[in-house]
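Here's the structure we're looking at; comments come further down.
Each chain gets a letter, A, B and so on, in the order its sequence line appears, and its residues count up from 1.
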Amino acid sequence: MPEGPQVARYARLQNDRLSGRRVRIDSPSGRSDDVAEVFDGETVIGVEAVGKHLLYDFGERRYLHVHLGRFGRFVEGPMPEPELRGIVRLRLRTNDQWYELRGATAVDVYETDDLRRLKARIGPNPLDPRARPKAVYDFVAQSDAPIGMLLMDQAVIAGVGNIYRCEVLFLNRIHPKQPGSTIAAPVWRAVWRDLRRLMVHNAVDGRIVTTAPADRAHHGAVRASERLYVYHRAGLPCRHCGAIIREGMMGGRRIFWCPKDQPEPRRRARA
DNA sequence: CTATGATGGAAAC
DNA sequence: TTTCCCTCATAGC
């Protein structure tokens, strides 16, 4: 279940393994037979992530486009392939490695124009070292939309999902309902810095950890129960102040915050 | 066994 | 704003 960094990680690992390799592709579930047929037996030129999208360049201006949605994931391993289990949307294999794609929202053929349009509608990605926070802030600072909505809008900022939005707002003591226009520039820079730091780490590590060592009771390997500050912790005490973490809905998704560290906004004041 | 929900997004209303 | 799709683990009969 991926946010941007896990997708970036898949792209990097698969790019290393698949670039320059001929791949056999089929769709055991039958759901993407048409797409499998287009690329079966072709050679991968490269694999890249664009926000939460994956693009496999097969040359001749054609790409395999995959969006994992909320449930999508890859399972992989060395040849030979395991017996099929459950629903496999797409199966890719080289001489020595196999991949199973399950649960994806989108599996299609992209042409150059589709890719150009995709890139045009996706905002700057904190994972991209060339992306500048100011470009995003210029939009955020003139928006009345709640910051909790803006952070999830892929057209504004790419790769951020529900966990990062909750966690980065906690880290910066911002209530999710606070309008973008009330976020001061230095606060936004700190938000961006945190997003980048956490997302880069996650893209390497493959899992999301936002807690500082000082806020964890156990040392050494990070326990699953101590990875996050607020996400999925409704009813539990805040690791920072002990107040009970709250839960609500925003943008059709559950959102979590600490009522004491992230007080409800009262008035608007441009910084 | 069925119901539910989970790191997403687009299309339909 | 709601509905639908994607898959699968888990909770509850």
Problem set entry | Interatomic distance where CG belongs to A:L101 and P belongs to B:dG8 [whole Å] | 17 Å

For this session: Kindly give the heavy-atom pair with the smallest separation between A:H53 and A:V7, and that separation in Å.
Result: O-CG1, 3.9 Å

Problem set entry | salt bridge (Lys or Arg N to Asp or Glu O under 4.0 Å) partner of A:R91, the single match among A:E81, A:E76, A:E100 | A:E81

For this session: Measure the distance from CZ on A:F71 to C1' on C:dT7 and round it to the nearest whole Å.
Result: 7 Å

Problem set entry | Distance between C1' atoms of B:dA10 and C:dC8 (Å, rounded) | 22 Å

Exercise. Does A:H67 put a side-chain nitrogen or oxygen below 4.0 Å from OP1 or OP2 of B:dG9?
Worked result: yes

For this session: Report the distance from atom NZ of A:K52 to atom C1' of B:dG8, rounded to the nearest whole Å.
Result: 6 Å

Problem set entry | Contact residues, residues 152-169 of chain A to DNA chain C [heavy atom, < 4.0 Å] | none

Seminar exercise, completed: Separation of C:dT2 atom P from A:M249 atom CE, nearest Å, is 9 Å

For this session: Using whole Å, report how far CG of A:L84 lies from C1' of C:dT7.
Result: 15 Å

For this session: Can you tell me, in whole Å, how much space there is between the P of B:dG9 and that of C:dA9?
Result: 23 Å

Exercise. Between A:R165 and A:N162, is a side-chain hydrogen bond (donor to acceptor under 3.5 Å, both in side chains) present by the stated rule, with each step listed?
Worked result: CA-CA 5 Å; A:R165 98 163 149 174; A:N162 202 17; 2.8 Å; yes

Exercise. Angle class for the A:H232/A:F256 ring planes (parallel below 30°, perpendicular above 60°, tilted otherwise)?
Worked result: parallel

Exercise. Atom CD of A:E100 and atom P of C:dC8: how far apart are they, to the nearest Å?
Worked result: 10 Å

Problem set entry | Distance, P atom - from B:dC1 to C:dC6, rounded to whole angstrom | 22 Å

Exercise. Where along residues 102-126 of chain A does a heavy atom come under 4.0 Å from DNA chain B, residue by residue in number order?
Worked result: A:T105, A:R121

Exercise. Starting at CG of A:L54 and ending at C1' of B:dG9, how long is that distance when rounded to a whole Å?
Worked result: 15 Å

Exercise. Any side-chain heavy atom of A:W98 sitting closer than 4.5 Å to one from A:P82?
Worked result: yes

For this session: Select one nucleotide: of C:dC8, B:dG8, C:dT7, the one nearest the side-chain heavy atoms of A:R253.
Result: B:dG8

Problem set entry | Aromatic ring pairing A:F74/A:Y10, orientation class (parallel under 30°, perpendicular over 60°, tilted between) | perpendicular

Exercise. Side chain of A:R89: nearest nucleotide among C:dC8, B:dA6, C:dT7?
Worked result: C:dT7

For this session: May I ask you to say whether A:K119 pairs ionically with A:E48, meaning some side-chain N is under 4.0 Å from a carboxylate O?
Result: yes

Please write out the pairs of protein N or O atoms and N or O atoms of nucleotides 3-5 of chain B separated by less than 3.5 Å, giving the distance to one decimal.
none

For this session: State, with a plain yes or no, whether a side-chain heavy atom of A:Y56 is found less than 4.5 Å away from one of A:L18.
Result: yes

For this session: Measure the distance from NE2 on A:H65 to P on B:dA10 and round it to the nearest whole Å.
Result: 9 Å

Exercise. What nucleic acid atoms does A:R31 come within less than 4.0 Å of, heavy atoms only: base, sugar-phosphate, or nothing?
Worked result: sugar-phosphate

Problem set entry | A:R89 with A:D26: basic N within carboxylate O range, under 4.0 Å | no

Problem set entry | Lys/Arg cation over aromatic A:Y229: A:R233, 6.0 Å, 45° cone | no

Exercise. Does A:R62 pair with A:E111 as a salt bridge, N-O distance under 4.0 Å?
Worked result: no

Exercise. Should the pair A:R22-A:E42 be classified as a salt bridge under the 4.0 Å nitrogen-to-oxygen rule?
Worked result: no

